[in-house]
Amino acid sequence: MKTYNLLIAAALLPLLLSCSPKAGVTVSDFGNLSTGEPTKLYTIVNRSGASMQLLDYGARIVSIKVPDRDGRLGDVVVGFGDLDNFEHKDRFIGPVIGRYGNRIDHSSFTLDGVRYELVPNETFGGEPVQCHGGPQGFDRFVWESEPVQEEDRAGVRFHRLSPDGEEGYPGNLDAWVTYWLTDDNVVKAEYEATTDAPTVVNLSNHTYFNLKGEEGGYVMDHLLQVDADTCVQNNTHFCPDKLLPVDGTPFDFREPHRVDYRIDMENEHLRIMHGMSACWALRDWDGSLHRAADLYDRKSGRGVETWTTEPTLLTFTGRSFNESYQGKYGPIEKFGGMLLETIHFPDSPNQPRFPSTVLRPGDRYYSTTEYRFYAR
């Protein structure tokens, strides 16, 4: 299959900037999947020259270019520049994850007295678990897509209908995801869904960030601050077990610290997860848009505040990356990128203590997350 380098698409950026003082969107061919299905790459540029690239396969974020403290643009998204790697190497780099993001323990749940058996894609000690919607989750599909534009922002609106029974979930789920790039360098993701039967839904995006830009490298020297006093300790199925105070743990980021500042501390969650993989319960959550975290790279001066309507922030720091990951700018090294994933609690359908992820006919699911980039 032909490989499409993102540098070719980037050549469109100066032309787009010269044609319009407003934010704008162009579209180009990104090649065909192994099934023969064609894909499209959207390039969005704002008035200052910052840009974002989106792929209709998985409604996926491919690139975000924002300035450092000296005004130099750099790509802060870790990932691939060709379709083959997205399809076959690592499906969870940059896409929408759903119908249920993260894990559902025992790959099943009960809703209104009916037990639903989901299609598992992980096994722990012989027990099935579904992760990110199963073997054929939302990341595996080419979404319908169209550019959208307003006075101070431009974006792409994606849509797909997840049929009743897909990966074991009840109800036909109509899902929309809209990504925006504003003129003040905010990337906004809006998730919407409706259903014709009671179901569960938990949508998010699985983009890996590295604020150093194209040079990449070790991401755990970034400074992280999280607005959370409580963190999840997982069970051996990587699903929530206990909610514990962050005091005195490797997950106390109430003040800014290097991501790895306590990585060698004795801690049960670190042991179970084999490293820094955390889910924080955000402070004073009420469903409104609120700040979750601030991530900053001292070398480039780039930073990003994460704002969300979701109750938790989840991170994973790329310990599975290695030299076999051929990224846009060369091999992606271990710990070369980290998630800023906003989401409802994993395994919520089985744990009534968490905010509900049930969606019923006549109701509308809505969630939004903003990545507010800055430089200092």
Side-chain angles (χ1 to χ4, degrees), residues 92 95-105 109 129-133 137-138 177 187-191 193 200-209 224-235 237-247 249-254 257 259 267-270 272-273 275-295 304-318 338-359 365-372:
F92 294 132
V96 169
I97 48 174
R99 183 178 301 195
Y100 198 95
N102 211 271
R103 292 177 174 86
I104 295 182
D105 207 357
F109 66 93
V129 173
Q130 190 189 84
C131 184
H132 299 331
F138 281 15
V177 180
V187 170
K188 182 173 185 176
E190 293 182 289
Y191 308 90
V200 296
V201 59
N202 191 21
L203 302 180
S204 187
N205 177 273
H206 209 264
T207 290
Y208 289 89
F209 293 94
L224 176 66
Q225 187 268 320
V226 182
D227 294 339
D229 307 307
T230 307
C231 199
V232 171
Q233 178 176 300
N234 281 347
N235 61 24
H237 296 178
F238 293 3
C239 292
D241 181 13
K242 303 174 183 177
L243 291 176
L244 299 176
V246 298
D247 304 77
T249 76
F251 311 108
D252 187 355
F253 287 92
R254 291 173 294 182
H257 294 287
V259 179
N267 178 270
E268 181 66 5
H269 183 80
L270 285 181
I272 290 171
M273 302 305 294
M276 175 56 76
S277 179
C279 180
W280 289 275
L282 297 174
R283 185 183 303 127
D284 300 328
W285 178 76
D286 61 3
S288 64
L289 186 67
H290 61 291
R291 199 182 79 148
D294 188 317
L295 186 68
V304 59
E305 286 191 349
T306 301
W307 289 65
T308 187
T309 57
E310 291 294 302
T312 79
L313 175 78
L314 188 149
T315 194
F316 171 75
T317 51
M338 62 182 291
L339 300 176
L340 295 170
E341 183 182 325
T342 56
I343 201 166
H344 267 57
F345 284 89
D347 201 35
S348 291
N350 292 313
Q351 303 203 32
R353 59 180 167 161
F354 296 145
S356 175
T357 54
V358 174
L359 180 67
Y365 170 92
Y366 179 82
S367 170
T368 187
T369 291
E370 295 181 0
Y371 297 109
R372 301 180 182 183

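All figures in this text were calculated on a predicted structure; none of them were measured in a lab. In this chain, numbering begins with 1 at the start of the sequence shown.
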Task: side chain to side chain contact (heavy atoms under 4.5 Å, CB included) partners of Asp229, counting only residues at least two apart - done: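 For Asp229 the side chain to side chain contact (heavy atoms under 4.5 Å, CB included) partners, ignoring immediate neighbours, are Arg254, Arg283.
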- [ ] Would you please name every residue forming a side chain to side chain contact (heavy atoms under 4.5 Å, CB included) with Ala278, sequence neighbours left out?
- [x] Cys231, Phe251, Met276, Trp280, Thr315
TODO: Output, in order, the C-alpha distance, side-chain angles, deciding distance and verdict of ring pair (Phe, Tyr, Trp, His ring centres under 6.0 Å) for Tyr100 and Phe109.
DONE: CA-CA 12 Å; Tyr100 198 95; Phe109 66 93; 8.1 Å; no
Considering all heavy atoms, the nearest [X]-[Y] contact:
X: Leu359; Y: Ala193; answer: CD2-O, 3.8 Å
X: Phe253; Y: Leu224; answer: CD2-O, 3.3 Å
X: Glu341; Y: Ser204; answer: CG-OG, 3.3 Å
X: Leu340; Y: Leu313; answer: C-CD1, 3.9 Å
X: Asp252; Y: His257; answer: O-CD2, 3.5 Å
X: Cys239; Y: Ile104; answer: SG-C, 4.4 Å

Distance, nearest 0.5 Å, that separates [atom1] of [X] from [atom2] of [Y]:
X: His290; Y: Thr306; atom1: NE2; atom2: OG1; answer: 11.0 Å
X: Ile272; Y: Asn235; atom1: CD1; atom2: CG; answer: 7.0 Å
X: Met273; Y: Asn267; atom1: CE; atom2: CG; answer: 11.5 Å
X: Phe92; Y: Leu339; atom1: CZ; atom2: CG; answer: 11.5 Å
X: Thr249; Y: Leu244; atom1: OG1; atom2: CG; answer: 8.5 Å
X: Trp285; Y: Thr308; atom1: CH2; atom2: OG1; answer: 10.0 Å

May I ask you to test the [X]-[Y] pair for a side-chain heavy-atom distance under 4.5 Å?
X: Thr369; Y: Asn205; result: no
X: Phe138; Y: Pro95; result: no
X: Cys279; Y: Pro346; result: yes
X: Trp307; Y: Arg291; result: yes
X: Leu203; Y: Tyr365; result: yes

Could you tell me whether the side chain of [X] and the main chain of [Y] form a donor-acceptor pair under 3.5 Å?
X: His132; Y: Val96; result: no
X: Glu268; Y: Gln233; result: no
X: Thr317; Y: Met338; result: no
X: Asn202; Y: His344; result: yes
X: Asp347; Y: Asp105; result: yes

Task: Stepwise side-chain hydrogen bond (donor to acceptor under 3.5 Å, both in side chains) check, Gln130 with Arg99 - done: CA-CA 11 Å; Gln130 190 189 84; Arg99 183 178 301 195; over 6 Å; no
TODO: Check step by step if side chain to side chain contact (heavy atoms under 4.5 Å, CB included) holds for His237 and Arg103.
DONE: CA-CA 9 Å; His237 296 178; Arg103 292 177 174 86; over 6 Å; no
- [ ] Could you please spell out the steps behind the side chain to side chain contact (heavy atoms under 4.5 Å, CB included) verdict for Leu243 and Phe354?
- [x] CA-CA 11 Å; Leu243 291 176; Phe354 296 145; 3.9 Å; yes
- [ ] Using the side chain to side chain contact (heavy atoms under 4.5 Å, CB included) rule, take Val200 and Val358 through it: C-alpha gap first, then chi angles, then the decisive distance, then the call.
- [x] CA-CA 4 Å; Val200 296; Val358 174; 4.2 Å; yes
Task: Those residues that, when tested against Asn102, pass side chain to side chain donor-acceptor pair (under 3.5 Å) (two or more places apart) - done: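 Scan of Asn102 (side chain to side chain donor-acceptor pair (under 3.5 Å), adjacent residues dropped) gives none.
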